[in-house]
Structure formats: C-alpha cells, structure tokens
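In this chain, numbering begins with 1 at the start of the sequence shown.
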Amino acid sequence: MRTLLDALSAQRQEWRHGYDLMKETGLSSGTLYPLLMRMTDQGLVEAEWREPAQPGRPARHAYRLTAAGFALALQLPGDRGTLPSKASLA
C-alpha cells in the first residue's frame, strides 16, 4: 500500500494509468487494482475514464491522489503496513 501511495504522491497532480503504476511499483494487477478500487471507495484516489491517445485503442482508467490521499501519504511516512479502515479516517 505504501509503495502505491509513494508512486501516486510523486506526481500527485498527474493522472496515472494502472499499467504504469504496476511497472513503477512492482505490484501485480491482482494486487494493484483492488487497492486502487478500495482507495477510490475511501476517497483517497479519484479515477476517471480516459479516451485513448491513439485511434483504435480502448479507453482506460486513470488515477490520481485526492487531497485526503496525499494527506495520508504524508501522515504515514515510514509505515509500510495497510491503510486504516474507512471508519478510522473519519
């Protein structure tokens, strides 16, 4: 989780695709996408569909940290554990 927060924090204003995040973090798709979905549900990441840059390519999701996600990344500088539950973020 911390690795993903770090990757998204490094370019927090930029929209990032899952494939790029997988390459940067070394996380498998079976780990990365559930984390992104959970973080989106918790309001830490925002996601949107992006039209393809090249004709004939499929649309893809893009992700970036919200202000709450960036605050969490700053709050947990050395913790490589899991994210707190949604209830503890309130």
Using only atom types and a distance under 3.5 Å, with no angle test, would you say the side chain of Ser9 pairs donor to acceptor with the backbone of Arg12?
no
Would you confirm whether Arg2, through its side chain, and Ala73, through its main-chain N or O, come within 3.5 Å as a donor-acceptor pair?
yes
Decide yes or no on side-chain contact (heavy atoms from CB on, under 4.5 Å) for His61 and Leu36, but give the supporting numbers first.
CA-CA 11 Å; His61 267 111; Leu36 286 168; over 6 Å; no
Candidate list Leu65, Thr25, Leu74, test side chain to side chain contact (heavy atoms under 4.5 Å, CB included), partner Leu5, passing option:
Leu65
Under a single-linkage definition using a 4.5 Å side-chain heavy-atom cutoff for Ile, Leu, Val, Met, Phe, Trp and Tyr, are Tyr19 and Trp15 assigned to the same hydrophobic cluster?
no
Straight-line distance of [X] [atom1] to [Y] [atom2], nearest 0.5 Å:
X	Y	atom1	atom2	answer
Glu24	Gln11	CD	CD	6.5 Å
Leu8	Thr3	CG	OG1	11.0 Å
Leu32	Lys23	CG	NZ	13.0 Å

By side chain to side chain donor-acceptor pair (under 3.5 Å) - contacts of Glu14 (at least two apart):
none
When you compare the side chain of Phe70 with that of Gln13, does any pair of heavy atoms fall below 4.5 Å?
no
Taking all heavy atoms of Ser28 and all of Met22, pick out the closest pair and write down the distance.
C-SD, 4.1 Å
Per the salt bridge (Lys or Arg N to Asp or Glu O under 4.0 Å) rule, what does the pair list look like for residues 50-75, sequence neighbours excluded?
Glu46-Arg64, Glu48-Arg50
